[in-house]
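Worksheet: the structure to be examined is printed underneath.
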Amino acid sequence: MFREKIPARQLGSWCFAAVVPVLVRWMSGYPWPAVMAVAVASGVAVWTVWRQDGDRSDKLWILRAMFATLAAGVLARASAGSWPGDNAPGVPLILLALAAWSAGKGSSAAARVGCVLFWFVLGLYLLVLGTAVREVHWRWLMPSKGDIPWMGVAVALLPGAAVYLLKAKGSSPRAVVPVGIGVVASLITGGVLSPWVAAGAMDAFYEMTRSLEVLGVARRFEAVLSAGMTVGWFCCLTLLLSVAAEAVERHKEGWGRGTIYAAAAVAGGWVLLDMRVPEQVFTAFAFLLWTIVPLTNNRKKDRKSA
């Protein structure tokens, strides 16, 4: 159940639903040139990892499982901002519980849920971005300097962690399209709010939607966007718990389900203790374990075959 492999198209849909809402939340307040550079680099890295052939087993499986657990805690903590007001730790803990329940059914079942939610996430964000284009002040789209969205980099690399669930060498545009949506969201958010207002907002994309009139019911639509963000956090946490389970299961058969619940409990503890990790450090580990390690392992396998 926890060693099932998922076809590229199905896994790509799951990654799309997991990455887009979270990525947009972290990239929309940053200058679009920095976001574009991050998107290109992350997209190339993910595409390269997915195109590698062979068994991506490695000796760092414990570290991969531990980091996926840490990532679940870090991202769950941030999910409290999906709804207006102070929702910590309630919303993060509920999402972790739901993600553990979904992941506990097996990666294949969780992927099918992700495929269904893909269409909801796609439609929602296309509607919001399409509506917001009319409100863009084009003079505010001039390139500007700013910080690098480090957490956005880590989230953009998440499909690289999911490659261990891939059934066979392949590619799915749905795994890399999210970084393009992140760029568009950064452009439009800065164009609607202005780059300086977007940079100072806690969640610039959400703030932007509050100024829009979507079908004439802007405030009512905010709840729909919050629901879409919540769906994204749920898919993201489910994917991370599944990655942790896969890492342990392939080396300790029968331990996958227990790993999911243990990882969810540890992530919940991270939320309750309100712990933090430097964004640059978190992103460095994401790049190492979700990009460098699978590529390195594949090259070692190729040399042995030769």
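Because the structure is predicted, anything quoted here is derived from the model rather than measured.
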Show me the side-chain donor-acceptor pairs of residues 276-286 shorter than 3.5 Å, one per line, residues at least two apart or across chains.
residue: T283; atom: OG1; partner: W150; partner atom: O; Å: 2.7
residue: T283; atom: OG1; partner: E279; partner atom: O; Å: 2.9

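- R174 forms a cation-pi arrangement with F118, by the criterion of a distance under 6.0 Å to the ring centre and an angle within 45° of the ring axis.
- Between the side chain of W14 and the backbone N or O of A162, no donor-acceptor pair lies under 3.5 Å.
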**OP:** Carefully, step by step, assess V38 and V183 under the rule side-chain contact (heavy atoms from CB on, under 4.5 Å).
**Re:** CA-CA 9 Å; V38 166; V183 175; over 6 Å; no
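- Closest approach of L124 and L225 over heavy atoms only: CD2-CA, 4.2 Å.
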Counting only pairs under 3.5 Å, give me each side-chain donor-acceptor contact of residues 258-271, with atom names and distances, residues two or more places apart or in other chains.
residue: T259; atom: OG1; partner: W255; partner atom: O; Å: 2.7
residue: W270; atom: NE1; partner: M275; partner atom: O; Å: 3.1

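- Within 6.0 Å of CH2 on W101 lie no more than 12 heavy atoms contributed by other residues, nucleotides or ligands.
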**OP:** Take W50 and C15, measure what side-chain contact (heavy atoms from CB on, under 4.5 Å) needs, and give me the verdict at the end.
**Re:** CA-CA 12 Å; W50 275 50; C15 289; 4.1 Å; yes
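- Interatomic distance, CG of L127 versus CG of L122, reported as 11.0 Å (0.5 Å rounding).
- A salt bridge links R64 with E246: at least one charged nitrogen is closer than 4.0 Å to a carboxylate oxygen.
- Taking the six-membered ring wherever Trp is involved, the centroid distance between the rings of F120 and Y125 does not fall below 6.0 Å.
- In this structure, CZ on F234 lies 8.5 Å from CG on L95, to the nearest 0.5 angstrom.
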Original post:
Could you go step by step and tell me if C236 and V19 meet the side-chain contact (heavy atoms from CB on, under 4.5 Å) rule?
Top reply: CA-CA 7 Å; C236 185; V19 170; over 6 Å; no
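- Without hydrogens or angle criteria, E249 side chain to G254 main chain gives a donor-acceptor distance under 3.5 Å.
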Side-chain atoms of residues 72-81: list all donor-acceptor pairs with protein atoms under 3.5 Å, sequence neighbours left out, distances to 0.1 Å.
residue: R77; atom: NE; partner: D274; partner atom: OD1; Å: 2.5
residue: R77; atom: NH2; partner: D274; partner atom: OD1; Å: 2.7
residue: S79; atom: OG; partner: A76; partner atom: O; Å: 2.5

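- Listed for the S107 side chain is no donor-acceptor partner under 3.5 Å among the backbone atoms of A103.
- For the residue pair F67 and L289, the shortest heavy atom distance occurs at CB-CD1, 3.5 Å.
- Closest heavy-atom contact between V133 and W138: O-CZ2, 4.4 Å.
- Taken to the nearest 0.5 Å, the CE atom of M208 stands 4.5 Å off from the OG1 atom of T189.
- Checked by atom type and distance alone, the side chain of W32 pairs as donor or acceptor with a backbone atom of L141 at under 3.5 Å.
- The backbone N or O of L98 sits nowhere less than 3.5 Å from a side-chain atom of S102 that would complete a donor-acceptor pair.
- Of all non-hydrogen atoms in Q10 and C115, the two that sit nearest each other are CG-SG, 3.1 Å.
- Interatomic distance, S186 OG to L23 CG, rounded to the nearest 0.5 Å: 10.0 Å.
- Side-chain contact between L240 and T69: absent, with no pair of heavy atoms (C-beta onward) separated by less than 4.5 Å.
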Subject >> Trace of the side-chain contact (heavy atoms from CB on, under 4.5 Å) decision for K5 with L166 >> reply: CA-CA 5 Å; K5 298 302 181 181; L166 193 61; over 6 Å; no
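- Of all the heavy atoms in A156 and P159, the pair that sits closest is O-CD, 3.3 Å.
- Hydrophobic clustering keeps L239 apart from V116 (ILVMFWY residues linked when any side-chain heavy atoms are closer than 4.5 Å, directly or through intermediates).
- Classified by interplanar angle (parallel below 30°, tilted 30° to 60°, perpendicular above 60°), the ring pair W26/W233 is perpendicular.
- For the pair R25 and Y206, the cation-pi criterion (under 6.0 Å, within 45° of the ring axis) is not fulfilled.
- To the nearest 0.5 Å, the span separating CG on L165 from CD1 on I6 amounts to 5.0 Å.
- Note that the CH2 atom of W119 and the OG atom of S13 stand 7.0 Å from one another [nearest 0.5 Å].
- Of all heavy-atom pairs spanning A68 and V243, the tightest one is CB-CG1, 4.3 Å.
- Considering only heavy atoms from C-beta on, F205 stays 4.5 Å or farther from M229 through its side chain.
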